[in-house]
Amino acid sequence: MLNRVISGNIKICGIIGDPLEHTMSPVMHNAAFDEMGVDYLYIPFRVEKEKLGRAIEGMRALNIRGLNVTIPHKVAVIQFLDELDDLAEKIGAVNTIVNDDGVLTGYNTDATGFLQALLKRGIEPKGKNVVILGAGGASRAISFILAERGSNLVILNRTVDKAKELADRISKILQRETEVLKLDRENLAKALSKADILVNATSVGMSPNIDETPVASNLLKSGMIVFDTIYNPIKTRLQTEAEEAGAITISGLDMLVWQGALAFEKWTGLKAPVELMREEVIKRLINNRN
Ligand code: ATR
């Protein structure tokens, strides 16, 4: 619960996207600002596609300290920024903007947040065989950071051409080759037989379709690392079945919280209260369900 006085020195952060009904970021960041006792406030701003440029001008005019950027603006926003972090430039997508005295710099903490979620669990993806399902926005950030880190990637997608486009971009920018397959049972079986890590970056299994899973349970192996980028539900069918098979599971909640924590650190210069941020998101997800 936000319960503090708004001073004249307050620094404003927020999120731009459309739609924003389901965003967890305001609750996560405002709780973190409260916990750290800093004079910051985080606000959701619903911005339609055609108004993106004006929204970023508004960020400059209103001296907004930082913004998260979500669907549908992560790629289009780049043209309105002054600087791009090297990784965000390679990925071609931005989810965090920092305003330093009028200079707007774009970052991609979806990618660094994903990596952090792995590293914090003691998993180093360098040299590992990683199977990634999906070729949308989430997959793009994840595939790039893993390719840059030195993982061997196989990307499977329902629309195989989208996966090909992503693999071509990785090849052009990072000079690393990525195998691409259509997402079907046979290809999954083939890819997973050699996989150390499986990442679900599709929306299959997301609420309300919680009975769906992108991978048949008999393809999941003991010791495999299964990272589902979905955080609603907190535990997906894929994760439940992966646990039953003896796999090590990581939740999309970790990626969500770490992308937020890394953005928080860029805006405030402080270490983020990661555990509190996680608890706040869990509380909100449980509340929304009831
Ligand atoms: P995000 O930004 O979360 O990655 P997105 O860009 O819309 O969202 O991507 C959604 C991903 O889930 C895509 O890879 C999509 O596959 P297509 O490229 O073929 O559309 C995948 N996806 C969504 N529903 C799916 C389904 N029922 N079966 C398989 N893949 C699905």
Side-chain angles (χ1 to χ4, degrees), residues 15-25 47 49 52 68-78 88 91-96 106 108-115 117 130-147 153-170 178-189 191-192 198-217 219 226-234 236-239 241 250-260 281 285:
I15 181 165
I16 53 171
D18 187 20
L20 279 182
E21 279 89 335
H22 299 293
T23 179
M24 293 289 147
S25 296
V47 173
K49 252 186 177 164
L52 177 61
N68 282 134
V69 182
T70 189
I71 291 167
H73 304 313
K74 287 186 186 188
V75 175
V77 77
I78 289 175
I91 298 170
V94 158
N95 82 316
T96 300
N108 193 309
T109 72
D110 289 331
T112 49
F114 171 84
L115 180 63
V130 186
V131 171
I132 301 176
L133 313 182
S139 171
R140 183 156 154 176
I142 291 166
S143 302
F144 260 87
I145 197 146
L146 287 176
L153 303 186
V154 186
I155 302 175
L156 295 93
N157 198 43
R158 177 177 60 180
T159 313
V160 74
D161 282 351
K162 266 173 70 181
K164 281 204 184 103
E165 271 172 41
L166 177 54
D168 285 348
R169 188 179 163 91
I170 292 171
T178 302
E179 197 180 336
V180 163
L181 295 167
K182 180 163 171 56
L183 179 54
D184 63 29
R185 206 197 138 81
E186 198 181 325
N187 286 334
L188 256 180
L192 287 177
L198 164 67
V199 180
N200 176 34
T202 74
S203 48
V204 180
M206 191 186 290
S207 177
N209 303 313
I210 60 169
D211 295 329
E212 293 179 6
T213 177
V215 182
S217 59
L219 296 178
V226 178
F227 195 133
D228 199 336
T229 64
I230 294 171
Y231 59 82
N232 188 12
I234 296 170
T236 59
R237 178 174 165 193
L238 173 63
Q239 281 187 294
E241 292 179 350
I250 308 181
S251 162
L253 196 64
D254 285 36
M255 181 174 169
L256 172 72
V257 170
W258 277 111
Q259 69 73 29
V281 174
L285 286 168

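Predicted, not measured: the structure shown is a model, and the values here were computed from it. In what follows, residues are counted from 1 in the order of the sequence shown. Just follow the structure's listing: the first ligand is 1, and inside any ligand the first atom is 1.
For atom 7 (O) of ligand 1, no protein heavy-atom neighbour is present inside the 4.0 Å cut-off.
Scanning the protein heavy atoms around atom 9 (O) of ligand 1, the nearest turns out to be G136 CA, 3.6 Å. Atom 3 (O) of ligand 1 has A138 CB, 4.2 Å as its closest protein atom, hydrogens excluded (heavy atom only). Of the protein's non-hydrogen atoms, R158 NH2, 2.9 Å is the one closest to atom 20 (O) of ligand 1.
Minimum interatomic distance between D254 and A117 (heavy atoms only, all atoms of both residues): CB-CB, 3.7 Å. The minimum heavy-atom distance linking I230 with V204 is given by the pair CD1-O, 3.2 Å.
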Please step through side-chain contact (heavy atoms from CB on, under 4.5 Å) for the pair T70 and T23, ending with a clear verdict.
CA-CA 9 Å; T70 189; T23 179; over 6 Å; no
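Considering backbone and side-chain atoms alike, S139 places every N or O at 3.5 Å or more from each N or O of ligand 1. Inclusion of G134 in the set of residues having an N or O under 3.5 Å from an N or O of ligand 1 is not warranted. Annotation: T159 places an N or O atom under 3.5 Å from an N or O atom of ligand 1; distance criterion only.
A search for side chain to side chain donor-acceptor pair (under 3.5 Å) contacts involving N200 returns T202, D228, not counting sequence neighbours.
Relative to atom 16 (O) of ligand 1, the option among I142, I71, N157 with the closest non-hydrogen atom is N157.
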Show every donor-acceptor pair shorter than 3.5 Å between a side-chain atom in residues 207-217 and any protein atom, with sequence neighbours excluded, or say none if there are none.
from	atom 1	to	atom 2	distance (Å)
T213	OG1	V215	N	3.4
T213	OG1	V215	O	3.3

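Ligand-side atoms of ligand 1 in range of V204: 25 (C), 26 (C), 27 (N), 28 (N), 29 (C), 30 (N), 31 (C), range being under 4.0 angstrom from any heavy atom. Interface of K162 with ligand 1, defined as ligand atoms under 4.0 Å from a residue heavy atom, comprises 17 (P), 18 (O), 20 (O).
The side-chain heavy atoms of I142 and I132, taken from C-beta on, include a pair separated by under 4.5 Å.
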